[in-house]
Amino acid sequence: MNTHKPSILVVDDELLIRDLLYDFFTGQGWNITVAEDGRRALDMMKSRKYDLVLSDIKMPQMDGLALSAHVKQAHPELPVVLMTGYPSVESAITALRNKVDDYVIKPFNINQLYKLVEAKVRGKSEDKT
């Protein structure tokens, strides 16, 4: 039996969203780390490995699109899921170009988001076997 607890880096400038995702995923037995912007997230990634990055798009300092480009360049195998309350064709196209794994529109259904994230993490771990 696999006892590995998936580790997710949640990046969002809204404390409410960070808290919601932290509480929900830790309640499912996952290891969650939170960051308030893309720059902080990149700093955190220097010292720790994650199974998935779940990031908002619209943030100060470094937005989720810039973050996803950095993450995919350094760790092409790492799944990145972007969330946005301001969906646009432009951001969706940029996300595709950055090879993000999914694009979720806020407000999201937490159970659907969980299933999506779980599938991405499980797919990643199955690639290693």
Side-chain angles (χ1 to χ4, degrees):
M1 184 170 151
N2 185 0
T3 58
H4 171 72
K5 285 183 173 181
S7 182
I8 300 178
L9 178 56
V10 172
V11 190
D12 199 307
D13 61 323
E14 289 183 59
L15 179 61
L16 190 68
I17 299 291
R18 288 195 310 266
D19 284 352
L20 169 76
L21 293 171
Y22 179 87
D23 291 346
F24 185 84
F25 280 94
T26 54
Q28 305 297 321
W30 293 45
N31 290 316
I32 305 300
T33 305
V34 294
E36 62 280 353
D37 63 56
R39 285 193 182 150
R40 178 83 181 109
L42 289 177
D43 284 345
M44 296 168 105
M45 292 181 74
K46 290 175 186 171
S47 60
R48 185 167 173 198
K49 287 191 179 277
Y50 296 95
D51 294 309
L52 183 134
V53 175
L54 180 58
S55 176
D56 189 20
I57 290 180
K58 194 170 182 157
M59 297 181 292
Q61 304 298 320
M62 176 188 287
D63 70 15
L65 293 170
L67 172 63
S68 67
H70 284 285
V71 169
K72 285 298 191 176
Q73 188 172 13
H75 310 280
E77 76 294 343
L78 182 62
V80 176
V81 175
L82 292 179
M83 307 175 289
T84 185
Y86 306 93
S88 70
V89 171
E90 184 181 322
S91 67
I93 289 171
T94 302
L96 280 172
R97 286 188 180 137
N98 291 353
K99 297 182 174 36
V100 302
D101 296 83
D102 220 314
Y103 181 95
V104 177
I105 297 171
K106 292 178 182 177
F108 49 77
N109 175 303
I110 192 78
N111 293 307
Q112 288 175 341
L113 180 65
Y114 177 75
K115 286 178 186 169
L116 168 76
V117 167
E118 185 182 40
K120 299 293 178 194
V121 169
R122 197 175 21 215
K124 177 179 175 263
S125 63
E126 286 173 1
D127 290 344
K128 293 179 184 173
T129 56

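Any value given below was found using the heavy atoms of this structure, including those in side chains, with hydrogens, waters and symmetry copies removed. Everything quoted here is computed from the prediction, not taken from an experiment.
If you chain together ILVMFWY residues whose side-chain heavy atoms come under 4.5 Å of each other, L15 ends up in a group of its own. The hydrophobic cluster around Y86 extends to none of the other residues, as no ILVMFWY side-chain heavy atom falls under 4.5 Å of it.
Here the shortest heavy-atom pairing between G64 and S55 reads CA-OG, 3.8 Å. Closest approach of M59 to D37, counting heavy atoms only: SD-CA, 3.9 Å. Between I17 and M83, the shortest heavy-atom distance links the atoms CG2-CE, 4.5 Å. Of all heavy-atom pairs spanning M62 and A66, the tightest one is CG-CB, 3.6 Å. Minimum heavy-atom separation, K120 to L52: CB-CD1, 3.6 Å.
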Solution key, residues 92-99 side-chain donor-acceptor pairs under 3.5 Å, sequence neighbours excluded:
residue: T94; atom: OG1; partner: E90; partner atom: O; Å: 3.0
residue: N98; atom: ND2; partner: L65; partner atom: O; Å: 2.9
residue: N98; atom: ND2; partner: S68; partner atom: OG; Å: 3.0

Ignoring hydrogens and angles, write down the donor-acceptor pairs under 3.5 Å from the side chains of residues 38-45, residues two or more places apart or on other chains.
residue: R39; atom: NH1; partner: Q61; partner atom: OE1; Å: 3.1
residue: D43; atom: OD1; partner: K46; partner atom: NZ; Å: 3.4

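With sequence neighbours excluded, no residue forms a side chain to side chain donor-acceptor pair (under 3.5 Å) with E14. The side chain to side chain donor-acceptor pair (under 3.5 Å) search around S88 returns S91, not counting sequence neighbours.
No side-chain heavy atom of V53 sits under 4.5 Å from any side-chain heavy atom of L82.
Under the salt bridge (charged side-chain N to carboxylate O under 4.0 Å, His left out) criterion, the residue pairs touching residues 65-89 are K72-D101, with sequence neighbours excluded. Identified under the ring-ring contact (aromatic ring centres under 6.0 Å, His included) test for residues 41-79, with sequence neighbours left out: none. Residue pairs meeting the side chain to side chain donor-acceptor pair (under 3.5 Å) criterion with at least one partner in residues 16-30, sequence neighbours excluded, are W30-Y114.
Remark: side-chain polar atoms of D51 are not paired, donor with acceptor, to backbone N or O of I8 under 3.5 angstrom.
With hydrophobic clusters built from ILVMFWY side chains whose heavy atoms lie under 4.5 angstrom apart, L9 does not share a cluster with I110. In terms of hydrophobic clustering, with Ile, Leu, Val, Met, Phe, Trp and Tyr side chains grouped at heavy-atom distances under 4.5 Å, F24 and V34 are assigned to a common cluster. Hydrophobic clustering, with ILVMFWY side chains joined whenever heavy atoms are under 4.5 angstrom apart, keeps V71 apart from L54. Clustering ILVMFWY residues whenever any of their side-chain heavy atoms sit less than 4.5 angstrom apart, transitively, puts I105 in the very cluster that holds V100. Hydrophobic clustering, with ILVMFWY side chains joined whenever heavy atoms are under 4.5 angstrom apart, groups V80 together with I57.
Summarising the geometry, atom CD1 belonging to I32 is positioned 10.5 Å from atom NZ belonging to K5; distances are rounded to the nearest 0.5 Å. Atom CG of N109 is separated from atom NZ of K115 by 8.0 Å, given to the nearest 0.5 angstrom.
Evaluated for a side-chain contact (heavy atoms from CB on, under 4.5 Å) with V121, the options S7, P79, P6 yield exactly one hit, P6.
By the 6.0 Å contact criterion, NZ on K106 is enclosed, its count of non-hydrogen atoms from other residues, nucleotides or ligands being greater than 12.
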V117 vs F25, test: side-chain contact (heavy atoms from CB on, under 4.5 Å). Steps then yes/no.
CA-CA 10 Å; V117 167; F25 280 94; 3.9 Å; yes
Pair L116-V81, side-chain contact (heavy atoms from CB on, under 4.5 Å): steps then yes or no:
CA-CA 9 Å; L116 168 76; V81 175; 4.0 Å; yes
